[in-house]
Protein chains: 2
Amino acid sequence: MSFFQEQAVTSSDKTFFRLREEIVEGEIPAGVKLSEVELSTKYEVSRAVVREAINRLEACNIVERKANVGARVVTLTAEGLLELYQIREALEGMAARLAAQNMPETEIEKLSNLLDDQFELVKQGQSYYQEAGDLDFHYRIIVGSQNQQLITMLSNGIYHLARMYRVQLGMTGPRVTTAYDEHKHIVKAIANRDGELAEILMRRHIQYSKNNIAVKLSKM
Amino acid sequence: MSFFQEQAVTSSDKTFFRLREEIVEGEIPAGVKLSEVELSTKYEVSRAVVREAINRLEACNIVERKANVGARVVTLTAEGLLELYQIREALEGMAARLAAQNMPETEIEKLSNLLDDQFELVKQGQSYYQEAGDLDFHYRIIVGSQNQQLITMLSNGIYHLARMYRVQLGMTGPRVTTAYDEHKHIVKAIANRDGELAEILMRRHIQYSKNNIAVKLSKM
DNA sequence: GATTGGCAAATTGTCGACAATTTCATTATA
DNA sequence: TATAATGAAATTGTCGACAATTTGCCAATC
C-alpha cells in the first residue's frame with residue numbers, strides 16, 4: 001500500500017501498523033492468539049499500547065476478541081470471503097457512481113494515462129496485473145468519489161482484509177487476462193460522467209474477481 | 001434500539017454504551033471536547049476505561065480524535081449526512097438483495113405481519129411511522145441478508161450515526177406518508193425472491209428519506 | 001475410568017502515577 | 001500595537017502494579 005500514507009505519531013500507532021502488517025502479510029497466521037504480555041515484550045512497549053493496538057485491529061475486523069479471554073487473528077473462511085466481496089461490490093459500485101459525478105477531469109486524465117502506461121506492459125507481454133496496479137486503480141476511484149466516509153471505510157477496513165485473504169490463499173498477483181479491459185471501460189464511463197454505467201461495470205468487475213478467487217479457493 | 005441487544009460485560013463496555021447514548025441522544029452536544037479526566041470522575045472509572053471507550057467511539061465515527069490533543073464529538077454537516085446516506089443506500093440496497101436470496105420464509109412472514117400490524121395503526125389515523133417501527137423494519141432486512149459483516153457494519157456503525165443526525169436535526173418521528181407503501185413493496189419483492197427489484201426499491205426508499213431530511217435541513 | 005470440584009497459574013481488566021506534548025497566558029522585543 | 005519567545009498549567013500518552021476472571025491441572029468421588 002504505497003499510495004495513501006498513514007503516519008504514525010504515537011507509539012500505539014506504530015504498534016498498530018506493525019501488528020496489522022504482520023497479520024495481513026501472514027507472518028502471524030490466522031487463528032493465533034494475541035497475548036498482550038508476549039507482544040509487549042516483543043515490541044518493547046507497555047501492555048497498554050498493545051491493548052490499544054489490538055482494540056483497533058478488532059475495529060478493522062482483523063482480530064476477534066472475547067472479554068476476559070483475549071484476541072485471536074480471524075480465520076478466513078469461504079463464507080467470509082463471499083461476504084466481504086458483497087460489501088465491496090456495494091461500496092465500490094457506489095464509489096464508481098460518485099466518481100463519475102465528482103472526480104475532477106484532471107484526475108480522470110491521470111487515471112486514464114495510468115492505464116495506458118500499464119497497457120504498454122501488457123503489449124510487451126508482461127503480465128497485467130501487478131497487484132499494486134490494481135489496488136492503485138481502485139483506490140483512485142474511491143478517492144474520486146469524494147465521499148470521505150466511504151474513503152475511510154474502504155481504505156481502513158475492507159482493503160486490508162481483502163489483501164489478507166489474497167495472501168493467505170496464495171494468490172498475490174491475481175488474474176492477468178480480462179481485468180485490463182474492465183478497468184478501461186470503467187474509466188470510460190466515468191469520463192463520460194455516466195454514473196449509472198460506472199456502477200454497473202464496477203460491480204461486475206468485482207463479481208468477476210470474486211469468482212476468480214472462489215474458483216481457486218475451491219481447489220484447495 | 002431495543003432489537004439487537006449488546007450486553008456489556010466489562011466496565012469499558014458500560015462506559016462505551018453510556019457515552020454513545022449520551023452523544024447520540026444529544027445530551028453531550030456536537031463539537032464538545034471529551035476530556036478523559038472529566039469523564040473518568042463523572043462516571044467514576046479510571047482514565048484507562050474512558051480512553052478505551054473513546055477509542056471505540058472513534059472507530060464508530062462518533063468522535064474525532066487528534067493525537068496529543070484529544071477527542072471531540074463530531075459536528076454533523078449537510079455533506080456528512082449526504083455521504084452517510086450514500087453509504088446506506090449502497091449497503092442496505094445490497095442487504096435487501098441478499099435478503100431476497102437468504103431470508104427464511106418464516107422471517108419474511110413475520111416481517112409482513114409486522115407491517116400489517118402497523119397498517120392497522122395507519123387506518124386508525126395514527127401516524128406512521130414511529131421511528132422504532134422504521135428501524136425495526138430496516139434491521140430485520142439487514143439481518144435477513146445473513147451477511148455477518150454487513151450486519152455488524154450497519155448496526156454498530158451506520159445506524160447510530162444516522163440517529164444522531166435525526167436527533168440533532170430535531171426530526172425524531174420522520175415522514176409519515178409514503179414510507180408505509182415503500183416498505184410494503186420491498187417486502188413483496190423479497191417474498192418473490194426478486195433480489196434485483198428489492199435492491200432497487202430499497203435504494204429508492206433511502207433516497208426518498210434522505211431527500212426528506214435534506215429538505216428540513218435546508219430550512220434551518 | 002469418567003466426571004466433578006477446587007486450587008494454582010496465567011491472562012485480561014482496571015487503576016493511579018509519571019512522562020511527553022499541547023495550550024494559554026505573560027512577557028519581551030521590534 | 002503586533003508579534004514572537006517563554007514558561008507554567010493542563011491534557012494526553014505510556015508505564016508498572018494490583019484486581020478480577022479464565023484456564024488447566026490434580027485430586028476426590030461416583
Side-chain angles (χ1 to χ4, degrees), chain A residues 5-23 27-75 152 156, chain B residues 5-23 27-75 152 156:
Chain A
Q5 242 80 347
E6 307 160 294
Q7 52 189 2
V9 15
T10 77
S11 178
S12 282
D13 291 339
K14 278 179 227 148
T15 307
F16 168 62
F17 291 143
R18 187 167 165 187
L19 244 180
R20 185 180 62 185
E21 170 103 8
E22 292 194 14
I23 292 173
E27 296 168 47
I28 300 178
V32 163
K33 166 106 188 269
L34 295 180
S35 160
E36 294 182 359
V37 291
E38 190 183 320
L39 291 172
S40 71
T41 57
K42 176 178 172 187
Y43 294 150
E44 294 175 315
V45 290
S46 81
R47 253 188 69 216
V49 331
V50 171
R51 244 183 107 71
E52 194 166 319
I54 290 178
N55 279 331
R56 287 211 248 170
L57 289 172
E58 188 192 12
C60 301
N61 293 105
I62 289 178
V63 309
E64 281 171 336
R65 200 157 197 198
K66 270 195 296 189
N68 286 311
V69 174
R72 308 190 88 89
V73 177
V74 293
T75 45
T152 305
N156 277 351
Chain B
Q5 242 79 344
E6 307 159 295
Q7 52 189 2
V9 14
T10 76
S11 177
S12 280
D13 291 338
K14 279 179 228 150
T15 308
F16 168 62
F17 292 143
R18 186 167 166 189
L19 243 180
R20 186 180 62 185
E21 170 101 6
E22 293 194 12
I23 292 173
E27 296 167 47
I28 301 177
V32 163
K33 165 109 189 263
L34 296 180
S35 161
E36 295 181 359
V37 291
E38 189 183 320
L39 290 173
S40 71
T41 57
K42 176 179 174 186
Y43 293 150
E44 293 175 315
V45 290
S46 81
R47 255 188 66 216
V49 332
V50 171
R51 244 182 105 73
E52 194 165 318
I54 291 179
N55 279 331
R56 286 211 247 170
L57 289 172
E58 188 192 12
C60 301
N61 293 106
I62 289 178
V63 309
E64 281 171 338
R65 209 171 184 173
K66 271 196 295 188
N68 286 312
V69 173
R72 307 190 89 88
V73 177
V74 292
T75 46
T152 305
N156 276 349

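Numbers restart at 1 for each chain; the letters A, B, ... are given by sequence-line order, proteins then strands.
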For atom [atom1] of [X] and atom [atom2] of [N], their distance in whole Å:
{"X": "B:Phe16", "N": "C:dG13", "atom1": "CZ", "atom2": "C1'", "value": "17 Å"}
{"X": "B:Leu34", "N": "D:dT11", "atom1": "CG", "atom2": "P", "value": "13 Å"}
{"X": "A:Glu36", "N": "D:dT22", "atom1": "CD", "atom2": "C1'", "value": "14 Å"}
{"X": "A:Tyr43", "N": "D:dT14", "atom1": "OH", "atom2": "C1'", "value": "18 Å"}

*Among all residues two or more places apart in sequence or in another chain, which pass the side-chain contact (heavy atoms from CB on, under 4.5 Å) test with B:Val49?*
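side-chain contact (heavy atoms from CB on, under 4.5 Å) list for B:Val49, sorted by chain: B:Ser11, B:Ser12, B:Thr15, B:Val45, B:Ser46.
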*Any pair with a residue in residues 10-21 of chain A that passes salt bridge (charged side-chain N to carboxylate O under 4.0 Å, His left out), sequence neighbours left out, goes on the list, sorted by first then second residue, please.*
A:Glu6-A:Arg20, A:Asp13-A:Arg56, A:Arg18-A:Glu22
*Is A:Lys33 near enough to C:dT12 that one of its side-chain N or O atoms lies under 4.0 angstrom from OP1 or OP2?*
yes
*Hey, does the side chain of B:Ser12 come within less than 4.0 Å of C:dT14's phosphate (OP1/OP2), counting only N and O?*
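Answer is yes, contact under 4.0 Å.
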_How about CD on A:Glu27, more than 12 heavy atoms from neighbouring residues, nucleotides or ligands closer than 6.0 Å, or not?_
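For A:Glu27, atom CD is crowded (more than 12 foreign heavy atoms under 6.0 Å).
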_Tell me whether B:Gln7 at atom CD has more than 12 heavy atoms from other residues, nucleotides or ligands lying less than 6.0 Å away._
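No.
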*Starting from the C-alpha separation in whole Å, work towards a yes-or-no answer on side chain to side chain contact (heavy atoms under 4.5 Å, CB included) for A:Val63 and A:Ile54.*
CA-CA 7 Å; A:Val63 309; A:Ile54 290 178; 4.3 Å; yes
Would you tabulate the nitrogen or oxygen pairs shorter than 3.5 Å linking the protein to nucleotides 16-24 of chain C?
none

*asked:* Within residues 50-62 of chain B, which residues have any heavy atom lying less than 4.0 Å from an atom of DNA chain C?
replied: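 Contacting residues: none.
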*Of all the choices, C:dT12, D:dT11, D:dG13, which nucleotide is nearest to the side chain of B:Val37 once you look at every atom?*
D:dT11
*Counting side-chain heavy atoms from C-beta on, which of C:dT12, D:dT12, C:dT14 comes nearest to B:Ser11?*
C:dT14
Validation: residues 30-37 of chain A side-chain donor-acceptor distances under 3.5 Å, sequence neighbours left out:
residue	atom	partner	partner atom	Å
A:Ser35	OG	A:Glu38	N	3.2
A:Glu36	OE1	A:Arg47	NE	3.0
A:Glu36	OE1	A:Arg47	NH2	2.9
A:Glu36	OE2	A:Arg51	NH1	3.0
A:Glu36	OE2	A:Arg65	NH2	3.4

_Please find the pair of heavy atoms, one from B:Cys60 and one from B:Phe16, that lie closest to each other, and give the distance._
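Smallest heavy-atom distance, with atoms named: SG-CZ, 4.1 Å.
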*Quick one: are B:Ile28 and B:Leu19 in side-chain contact, heavy atoms under 4.5 Å?*
yes
